[in-house]
Amino acid sequence: MIEWDFTGQRADEIEAYLRAIEGGDDLRRQFGERSLDFIMRNYVRLAQIGQLEKSWLSTYVFTSHFQDAGFDKLKAIFDACDRSTLQGLSIPIDTSNRQQTKLSSPRRLKIVSRRVV
């Protein structure tokens, strides 16, 4: 099996990643944008242990740019994913910050409530 690549991470971060992986956690939910670099360096290892799909899907969906990654790398990560597992996943969306708004003037939005509609 391929070894983990923890380049540039402190000992406490390494322990946190290992705990999250062992617990089957979504790395994007645990580590935010930092998950992208980790997954890109370790996608083969994550695929070997069946932990790639959940973390990759949420990381891919919630990342705004991939210019440093390149198409070939993105394709390789998707190719390493188990298709049926990937297709069976859904992304939990945090709706706690959604706000209902209405236009009160052409230049201003007014927050009406924090209730999700």
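Counting begins at 1 with the first residue of the sequence.
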Is any side-chain heavy atom of E3 closer than 4.5 Å to a side-chain heavy atom of R45?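 A side-chain contact under 4.5 Å is absent here.
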Considering only heavy atoms from C-beta outward, does the side chain of I21 approach that of I49 to under 4.5 Å?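 Yes. Closest side-chain heavy atoms under 4.5 Å.
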Using modelled atom types and a 3.5 Å cut-off, is there a donor and acceptor pairing between side-chain atoms of [X] and backbone atoms of [Y]?
X: Q87; Y: S84; value: no
X: K54; Y: T85; value: no
X: N42; Y: D5; value: yes

Measuring from atom [atom1] of [X] to atom [atom2] of [Y], what distance do you get when rounded to the nearest 0.5 angstrom?
X: L52; Y: D82; atom1: CG; atom2: CG; result: 10.0 Å
X: F6; Y: Y17; atom1: CZ; atom2: OH; result: 9.0 Å
X: T7; Y: R41; atom1: OG1; atom2: CZ; result: 5.0 Å
X: L27; Y: S55; atom1: CG; atom2: OG; result: 3.5 Å
X: T59; Y: F38; atom1: OG1; atom2: CZ; result: 11.0 Å

Residue pair [X] / [Y]: nearest heavy atoms and the distance that separates them:
X: D25; Y: Q30; result: OD2-NE2, 3.1 Å
X: A80; Y: E53; result: O-OE2, 4.4 Å
X: C81; Y: W56; result: SG-CD1, 3.9 Å
X: E13; Y: G8; result: OE1-O, 4.3 Å
X: I14; Y: Q9; result: CD1-O, 3.9 Å

Listed by chain and number, what are the ring pair (Phe, Tyr, Trp, His ring centres under 6.0 Å) partners of F66, not counting sequence neighbours?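 Result, ring pair (Phe, Tyr, Trp, His ring centres under 6.0 Å) vs F66: Y60.
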Sequence neighbours left out, what passes salt bridge (charged side-chain N to carboxylate O under 4.0 Å, His left out) with R83? Give chain and number order.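 Per chain and number, R83 pairs via salt bridge (charged side-chain N to carboxylate O under 4.0 Å, His left out) with D79.
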Residues which pass salt bridge (charged side-chain N to carboxylate O under 4.0 Å, His left out) with E33, listed by chain and number, not counting sequence neighbours: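 Salt bridge (charged side-chain N to carboxylate O under 4.0 Å, His left out) list for E33, sorted by chain: empty.
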Electrostatic pair R28:D26 at N-O distance under 4.0 angstrom: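 Salt bridge between R28 and D26, a charged N being under 4.0 Å from a carboxylate O: no.
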For the pair R19 and E22, find out whether any cationic side-chain nitrogen is under 4.0 Å from an anionic carboxylate oxygen.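 Salt bridge between R19 and E22, a charged N being under 4.0 Å from a carboxylate O: no.
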Please answer: with hydrophobic residues joined when any side-chain heavy atoms are less than 4.5 Å apart, are V61 and F71 in the same cluster?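 V61 and F71: separate clusters.
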